[in-house]
Undergrad: 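Sharing a structure here in structure tokens format.
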Amino acid sequence: MHITNGMNKPITCDIFCAVIDNFGDIGVCWRLAKQLVHEHDMTVRLWVDDLLSFRRLHPAISPDMQIQHCLGVEIRHWNSTFLELPFPKIEPAQLVIEAFACELPECYVAAIVGQEYKPIWVNLEYLSAEEWVAGCHCLPSPNPSLPITKYFFFPGFTLQTGGLLLERDLIARRDAFQSELHTQAAFWRALDVPLPKPDEVRVSLFCYENIALPELFSIWAKANIPMLCLVPEDCVLPQVAAFFGRELVVAGDTLQHGNLEVRVLPFIAQERYDELLWACDLNFVRGEDSCVRAQWAGKPFVWHIYPQQDKVHIKKLSAFMDLYCSGLQPDATQALYSLWQGWNIEHNGGQAASTSLKTAWDDYWEHIALLQRHAREWSQHLSGNSLVLNLLNFVQKIDRIGSLECKLDLR
Ligand code: TRH
């Protein structure tokens, strides 16, 4: 029988994050940790195996420290195998979050099992708009050999899922930023980027290497309006350099071709990246976390999906486009599909796009006012479904139900 600790609301939490690649895993875990501390007064330990990636999102992180404290969160360097340090003997927290099915240390699991009052153990899953998610959200997974159960918790876009990470004050901060020209001006000045010209289109571009990128740049170079494209320093820079016939580009560089100006930005701290998304007319984003943040920005965006094995991502992309476009006018929907499919062409199972990228871009831009309105309404629509509130409600529910957990629908 699962014995829980009869808590009203958990007070302590351990979050485990193994960074597979890039920044999405730690990006999500860091947001979650901060929200639990700042909005729910919890004591959070965040176990991360890659402090160098973490430091790019939050420059105050020191990559060499086993234990450090940042913005109220205790950060532990986990799995530092090169130092051959064993996992410390600690008492598990009341709420244990394993991010994206990373494997918890054996001795930590043994410590969970050894507790008289067992923690609630949740596996926080990747985000997907696919329908099956609603059926799996909150399902228990009893351990085959140990007297402990973990629960699947799926973020998502509908009320049948766990919702999305959204800080309590984010929408208000976004609205203030977007309505205050002097705040935006200060933001651009701090990035050493000139203020927007009246007729200019300002785009942020965060993507994986993408075979469609040179073509998109050519289209923008021939556009009849000035296009300013801001590219954060990351893996796409060699492609940017190649387009401009350069060996190398680095943060601070400005490159011009026709009506396209590209400015390379440094990789900025996570909070500032939100502001970049709020300040641009259009955002190209990727993976998971930047895609969610682009939705909170209430601005039109184009998603470069993270490629997965067995082409799972193709269904994921379609499921999201279907959901996002429900309620959007058919012409604008078609324009969005064409551009997103063109942008994800190499991940699209080899399927050729039905329209050229040039036509897709022109159609998209023709509908930009509608897409802008839709983006705003979409962010409003999503904002009532907070992942952290759902998670804490769920944890309290399990705790109340206790031993009946395996038989009940806990959603
Ligand atoms: O970096 P990503 O591609 O990350 C992930 C991981 O690859 C992960 O393994 C995979 O499963 C997932 O994608 C789907 O993209 P993502 O998720 O958008 O994360 C980027 C993070 O970096 C996000 O928190 C925003 C942040 N960021 C900054 O803080 N500053 C910046 O300048 C930029 C461009 C991004």
Side-chain angles (χ1 to χ4, degrees), residues 16-35 46 48-50 52-61 70-71 98-102 123-130 133 154-156 164-167 170 187 190-193 203-210 229-237 240 250-252 262-280 283-297 301-310 312-317 319-320 343-344 347 387:
F16 287 86
C17 175
V19 175
I20 307 292
D21 56 7
N22 306 328
F23 309 103
D25 308 293
I26 182 59
V28 168
C29 292
W30 177 227
R31 285 189 200 294
L32 173 62
K34 282 186 294 181
Q35 227 187 312
L46 172 57
V48 193
D49 65 353
D50 177 357
L52 282 171
S53 297
F54 194 175
R55 186 165 62 165
R56 297 209 52 203
L57 306 184
H58 190 71
I61 297 292
C70 244
L71 304 181
E98 147 193 323
F100 315 120
C102 68
N123 173 24
L124 176 66
E125 278 288 349
Y126 283 114
L127 174 64
S128 172
E130 291 161 288
V133 164
F154 281 85
L164 298 172
L165 282 173
L166 171 65
E167 298 81 4
L170 188 85
F187 171 75
L191 278 184
D192 205 16
V193 172
V203 180
S204 78
L205 187 117
F206 181 46
C207 63
Y208 306 110
E209 254 181 69
N210 190 321
C229 176
L230 302 166
V231 186
E233 204 170 26
D234 196 38
C235 60
V236 84
L237 290 197
V240 174
V250 293
V262 170
R263 283 182 171 252
V264 182
L265 301 182
F267 198 89
I268 50 184
Q270 224 183 21
E271 292 80 12
R272 305 238 79 193
Y273 181 63
D274 273 335
E275 294 176 338
L276 181 68
L277 298 172
W278 300 345
C280 286
N283 296 301
F284 283 66
V285 285
R286 74 182 201 192
E288 176 169 323
D289 193 50
S290 59
C291 181
V292 171
R293 302 313 279 189
Q295 293 172 60
W296 294 138
F301 68 100
V302 180
W303 185 26
H304 195 197
I305 194 160
Y306 180 82
Q308 282 174 275
Q309 274 178 352
D310 304 328
V312 180
H313 56 276
I314 296 172
K315 282 197 190 136
K316 220 168 147 171
L317 181 66
F320 181 73
W343 190 238
N344 285 280
H347 303 330
L387 186 142

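What you see is a predicted model, and the numbers here were worked out from it, not measured in a lab. Counting starts at 1 for both ligands and their atoms, following the listed order. Numbering of residues begins at 1 and proceeds along the displayed sequence.
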Undergrad: Fit a plane to each ring of F267 and F206, take the angle between them on a 0 to 90° scale, and name the class: parallel (under 30°), tilted (30 to 60°) or perpendicular (over 60°).
TA: perpendicular
Undergrad: Please find the pair of heavy atoms, one from L237 and one from P232, that lie closest to each other, and give the distance.
TA: CD2-O, 4.2 Å
Undergrad: Does the side chain of Y306 come under 3.5 Å of the side chain of D21 through a donor N or O and an acceptor N or O?
TA: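 Yes.
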Undergrad: Any donor-acceptor pair under 3.5 Å linking the side chain of H313 with the backbone of Q308?
TA: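 Yes, the answer is positive, given that a donor and an acceptor are paired below the 3.5 Å cut-off.
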Undergrad: Can you name the nearest heavy-atom pair linking C29 to L46, along with the distance?
TA: CB-CD1, 3.9 Å
Undergrad: Among L170, L387, L124, L127, whose side-chain contact (heavy atoms from CB on, under 4.5 Å) with L165 holds?
TA: L387
Undergrad: Quick check on ligand 1: any N or O pairs to the protein under 3.5 Å? One line per pair.
TA:
from     : atom 1 : to   : atom 2 : distance (Å)
ligand 1 : 1 (O)  : F23  : N      : 3.0
ligand 1 : 1 (O)  : R286 : NH2    : 3.0
ligand 1 : 3 (O)  : N22  : ND2    : 3.4
ligand 1 : 3 (O)  : Y208 : OH     : 2.5
ligand 1 : 3 (O)  : R286 : NE     : 3.0
ligand 1 : 3 (O)  : R286 : NH2    : 3.4
ligand 1 : 4 (O)  : G24  : N      : 2.8
ligand 1 : 7 (O)  : D21  : O      : 3.4
ligand 1 : 7 (O)  : D21  : OD1    : 2.6
ligand 1 : 7 (O)  : N22  : ND2    : 3.0
ligand 1 : 9 (O)  : D21  : OD1    : 2.8
ligand 1 : 9 (O)  : D25  : OD2    : 3.0
ligand 1 : 17 (O) : E288 : N      : 2.9
ligand 1 : 17 (O) : D289 : N      : 2.8
ligand 1 : 18 (O) : R286 : O      : 3.0
ligand 1 : 18 (O) : S290 : N      : 2.7
ligand 1 : 18 (O) : S290 : OG     : 2.6
ligand 1 : 19 (O) : G24  : N      : 3.4
ligand 1 : 24 (O) : Q270 : NE2    : 3.1
ligand 1 : 24 (O) : D289 : OD2    : 2.5
ligand 1 : 29 (O) : I268 : O      : 3.3
ligand 1 : 29 (O) : Q270 : N      : 3.4
ligand 1 : 30 (N) : I268 : O      : 2.5
ligand 1 : 32 (O) : I268 : N      : 2.9

